[in-house]
Structures are given as C-alpha cells and as structure tokens.
J.: 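I'd like to ask some things about the structure below.
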Amino acid sequence: MDRKIEREPLYKRRNFQLGVGGGVIFLTLITFILNDAGSKLNVEKEKITISVVEEGDFQEFIPVTGNIIPITTVFLDAVQGGAVEKKFVEEGAMLKKGDQILKLSNTNFQLSALQQETFTYQQINEARNSRLSIEQNSINLKRILLAVLLTYQLDKRKYEREKVLWNKKLTSKDDYDQAKDNYFNSIEQKKLAEENFKKDSILSVSQLEQIDQSIRRLQINLGLIRESIDNLTIKAPISGQLTALNAEIGQSKSVGERLGQIDVVEEYKVRADIDEFYISRINVGQEGSVDINGKEFRLVVKKVYPEVTNGRFQVDMLFKNDKFPANLRRGQTLQIKLELGTLTKTLLLDRGGFYQRTGGQWIF
C-alpha cells in the first residue's frame with residue numbers, strides 16, 4: 001500500500017545546517033580579524049627610526065646629577081665671644097691669608113686677659129731676678145776661690161823659702177813655724193773653697209735650668225694670652241673667597257658660633273646624589289664623564305659616603321688630571337654619566353619607545 005512521503009522543512013535539513021554553521025564561523029573570523037586592534041598600529045612616518053642591530057662595545061652607566069663645590073672649605077668660628085665692633089670686608093670678597101674680616105669687642109675678657117698678662121710679666125721678671133741672683137752668687141764664689149788660690153800660692157812660696165833658710169840656720173824658728181802654719185792653712189782653705197765652688201756650680205746649673213724652663217712656660221702663657229686677645233679679630237686662615245659672612249655691627253656672637261666660610265675657588269669637586277639601589281656598585285676609583293659646552297671632561301670617584309638619606313647616598317668626584325672646565329661656579333649643576341663597568345662586546349641597538357615599557361629587558 002502506498003503512503004505519501006512528506007519533505008522535511010528547510011531548517012531541518014543537514015546541508016542547510018552545515019552551511020549556516022560554516023557561515024557563522026566565517027563571519028566570526030572576519031569580525032575578529034577586522035577588530036584586532038593589537039595587531040596594527042598607525043604611526044607617522046616621521047616618528048619611525050630605523051637603525052642597525054650589530055655587535056659592538058657597550059659601556060653601562062647611570063645618569064646622576066652633581067653639584068660643583070670647592071675642594072677646600074674653611075669655616076670661621078668665634079674662638080672668643082663678643083659683639084661685632086667692625087666689619088673689614090663684605091661677603092663675596094677675595095681674601096689673602098691673614099686679611100682681617102671682623103673685629104669683636106669683649107671688655108670683660110680683654111680686662112681679664114690684660115691682668116693675666118701683667119701677672120705673667122711679673123712672674124717672668126721674678127724668675128729673671130732669681131737667675132741673676134744665682135749667677136751673681138756663682139761669680140762671688142769664683143772670686144773667693146781665686147783669692148784663696150792666690151793666698152795659697154803666696155803661702156806656699158814663703159813656706160818653701162823659709163824652709164830652705166831654716167835648713168841653713170838663716171831664719172828663726174818662729175818665722176819658719178809661722179810660714180809653715182800659714183801654708184798648711186792655705187791648703188785646707190783651698191780644698192774648702194774648691195769643694196764649695198764645685199757644689200755651687202752643680203746646684204746653680206740645676207736651678208738655672210729650672211728657672212729657664214719656668215720662663216719658657218711663662219712666655220708660652222704670655223703668647224696664649226696675646227693670641228686670645230688677637231682672636232677677637234677674625235682673620236682669613238687661607239687665601240680664597242669669603243662665600244658666607246654671618247655678622248652685623250653690634251650683633252653678639254658666642255664662643256664657637258659660625259661666622260662664615262672661605263672657599264678656595266681655584267679647585268672644585270663634584271658632589272653627586274645616587275639612588276641607594278647602586279650603593280653596592282659604586283666604589284672609589286670609578287670614572288664618569290660630563291659634557292660642558294660641547295667638551296667632555298673625565299671624573300673619578302674620590303669618596304663614597306655610606307650614609308643613606310631619603311633613599312639616596314652621596315659621592316665626591318674629582319676632575320681627572322686636574323683638568324677643570326672654565327668658568328665653574330659653586331652650586332652649578334652637572335649631568336654626569338657614571339660608569340658602572342668596563343667596556344664589553346655585546347649586541348647593540350638604538351633605544352626606542354619599547355624601552356619605556358620593557359626597561360630594555362626584551363624586544364620583538
């Protein structure tokens with residue numbers, strides 16, 4: 001018996017389903033490709049840099065900022081306190097060693113120093129008088145010794161003459177005995193005088209040496225007193241520029257207070273701040289370079305300060321072979337390339353925008 005065969009709807013047919021599925025997949029791929037923003041980048045032609053990647057010498061360095069400061073700076077402090085009486089120069093003046101800068105006034109101190117000076121002079125005079133007395137006593141003893149020796153010689157000659165006459169029975173016994181007694185007495189007087197003079201000489205030498213030492217100490221004290229008075233006048237200890245002066249007429253200054261500073265302006269060094277990340281890689285003797293007015297100057301690390309403040313530490317650098325740039329000024333800022341290692345052979349390419357994102361660790 002025949003039956004009617006009904007056709008399936010179009011959407012149920014297998015070929016139709018495969019075709020629709022394939023079309024959906026194709027459209028999805030097209031949409032993904034067209035919408036893939038990460039695979040394309042529109043860049044202006046002028047901003048593109050083309051360079052060669054090649055083997056070459058590589059020098060690792062870090063950029064640091066340094067400031068020019070003098071190699072030698074001497075601070076001026078008040079050795080003696082007082083009020084500012086006079087200013088001989090102003091800040092910024094060029095000075096020679098010994099030039100006067102300030103004069104302080106301290107009446108009480110000056111009076112006390114003058115009294116000490118007077119008392120010291122009295123002690124020196126007393127010591128000198130004692131020395132003179134000892135020398136005069138030595139002279140008197142020497143004079144006595146000479147007189148005793150002269151008497152001894154006379155008595156000796158008289159005794160010898162009387163002895164010859166007595167042996168010849170040409171003189172009396174009393175004259176002979178008198179000459180003999182005088183001679184032997186002179187011998188004893190001579191021994192006593194010589195011994196006394198010898199002891200006095202030894203004692204005098206010791207006393208005079210002590211007195212001389214005492215006078216020298218008193219003279220040193222006298223020099224210190226005069227120096228303390230002179231310290232009220234502030235003078236330049238070295239030749240240089242007076243870069244700071246903290247004093248006004250009538251202003252009171254206490255002992256040890258900072259008055260100013262003098263810089264030797266012929267020679268400079270560079271003090272740089274460096275991130276503490278590099279503290280283990282910075283050592284004395286490392287070199288760097290700085291470009292000033294189109295000319296390169298070499299620098300060498302002279303001192304590394306171990307203290308870390310706010311995440312940074314400092315180093316002092318000197319211009320190599322004392323080759324200083326012209327017209328340097330204190331406080332001038334320099335951009336320095338501080339070398340961290342020696343030249344090495346490696347793959348080199350120009351730095352581009354990728355460096356900001358990758359830090360140079362990788363590149364496509």
Side-chain angles (χ1 to χ4, degrees), residues 66-121 124 216-273 292 302-303 305 307 309 314-319 322-334:
N67 293 316
I68 295 293
I69 60 175
I71 289 181
T72 304
T73 296
V74 176
F75 295 103
L76 304 174
D77 295 337
V79 180
Q80 299 293 341
V84 179
E85 180 179 327
K86 186 176 181 179
K87 292 174 65 175
F88 297 97
V89 294
E90 295 294 338
E91 185 174 322
M94 299 301 297
L95 302 175
K96 293 182 179 180
K97 184 177 180 180
D99 286 350
Q100 294 181 337
I101 301 174
L102 292 174
K103 183 178 181 181
L104 304 179
S105 176
N106 188 329
T107 305
N108 293 333
F109 169 74
Q110 288 172 300
L111 289 175
S112 175
L114 289 174
Q115 290 175 353
Q116 292 180 2
E117 186 178 14
T118 301
F119 178 69
T120 303
Y121 271 124
I124 291 175
R216 285 194 293 270
R217 286 194 295 268
L218 290 171
Q219 288 174 336
I220 292 174
N221 292 339
L222 188 61
L224 293 175
I225 294 171
R226 291 172 178 171
E227 184 179 346
S228 65
I229 297 176
D230 291 340
N231 285 334
L232 290 173
T233 300
I234 309 301
K235 300 178 182 179
I238 61 172
S239 298
Q241 184 178 23
L242 183 64
T243 55
L245 183 61
N246 179 27
E248 298 297 336
I249 301 297
Q251 190 176 12
S252 180
K253 297 295 182 180
S254 57
V255 176
E257 187 172 349
R258 179 64 45 82
L259 301 176
Q261 70 181 51
I262 298 176
D263 295 332
V264 178
V265 294
E266 288 81 8
E267 298 179 342
Y268 292 97
K269 63 182 177 181
V270 180
R271 179 161 295 173
D273 290 327
I292 301 177
K302 186 67 175 179
K303 183 176 182 180
Y305 295 89
E307 298 84 3
T309 304
Q314 292 184 324
V315 299
D316 283 346
M317 306 182 72
L318 300 181
F319 286 93
D322 294 333
K323 294 183 178 179
F324 299 98
N327 302 321
L328 285 180
R329 293 290 182 270
R330 179 187 178 94
Q332 182 177 345
T333 301
L334 301 178

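Side-chain atoms are counted along with the backbone in the values below, which use heavy atoms only and exclude waters and symmetry mates. These numbers come from a predicted model, not from an experiment.
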J.: Please evaluate residues Val79 and Glu227 with respect to the criterion side chain to side chain contact (heavy atoms under 4.5 Å, CB included), reporting the C-alpha separation (whole Å), side-chain torsions for both, the decisive distance (0.1 Å), and the verdict.
T.: CA-CA 10 Å; Val79 180; Glu227 184 179 346; over 6 Å; no
J.: Using a 3.5 Å distance criterion without hydrogens, assess whether the side chain of Ser112 forms a donor-acceptor pair with backbone atoms of Asn108.
T.: no
J.: Does atom OH of Tyr305 have more than 12 heavy-atom neighbours from other groups under 6.0 Å away?
T.: yes
J.: Quick one: does Thr120's side chain get under 4.5 Å of Ile124's, heavy atoms only?
T.: yes
J.: Would you compute the distance between atom NZ of Lys235 and atom CG of Leu102 and round it to the nearest 0.5 angstrom?
T.: 13.0 Å
J.: Restricting to non-hydrogen atoms, name the atom on Gly331 and the atom on Asn67 that form the minimum distance, rounded to 0.1 Å.
T.: O-OD1, 4.0 Å
J.: Any non-hydrogen side-chain atom of Arg329 less than 4.5 Å from a side-chain atom of Ile68?
T.: no
J.: Measuring from atom CD1 of Ile225 to atom CG of Asp230, what distance do you get when rounded to the nearest 0.5 angstrom?
T.: 12.0 Å
J.: Is there side-chain contact between Leu76 and Ile262, with at least one heavy-atom pair below 4.5 Å?
T.: yes
J.: Between atom CD1 of Ile101 and atom CG of Leu259, what is the distance when rounded to the nearest 0.5 Å?
T.: 9.0 Å
J.: Starting at CG of Leu245, measure out to CZ of Phe88 and round the result to the nearest 0.5 Å.
T.: 12.0 Å
J.: Taking atom CD1 of Ile234 and atom NZ of Lys253, what is their separation to the nearest 0.5 Å?
T.: 10.5 Å
J.: Provide the closest heavy-atom pair for Asn246 versus Arg258 in the form atom of the first, atom of the second, distance.
T.: ND2-O, 3.9 Å
J.: Identify the heavy atoms of Tyr268 and Phe319 that sit nearest to each other, and give their distance.
T.: O-CD1, 4.1 Å
J.: CD of Gln80 to CG of Leu232: how many Å apart, nearest 0.5 Å?
T.: 6.0 Å
J.: Would you call Leu104 and Val84 a side-chain contact if the rule is heavy atoms closer than 4.5 Å?
T.: yes
J.: Quick one: closest heavy-atom pair of Gly66 and Val270, and the distance?
T.: CA-CG1, 3.7 Å
J.: Restricting to pairs with a member in residues 89-107, which pass side-chain hydrogen bond (donor to acceptor under 3.5 Å, both in side chains), not counting sequence neighbours?
T.: Lys87-Glu90
J.: Looking only at non-hydrogen atoms, find the nearest pair between Ala78 and Ser254 and report the distance.
T.: CB-O, 3.4 Å
J.: Tell me, do Thr73 and Arg330 make a side-chain contact under 4.5 Å, heavy atoms counted?
T.: yes
J.: Which atom names give the shortest non-hydrogen contact between Gly250 and Ala83, and what distance separates them?
T.: O-CB, 4.4 Å
J.: Would you say the side-chain atoms of Thr243 and Asp263 include a donor-acceptor pair closer than 3.5 Å?
T.: yes
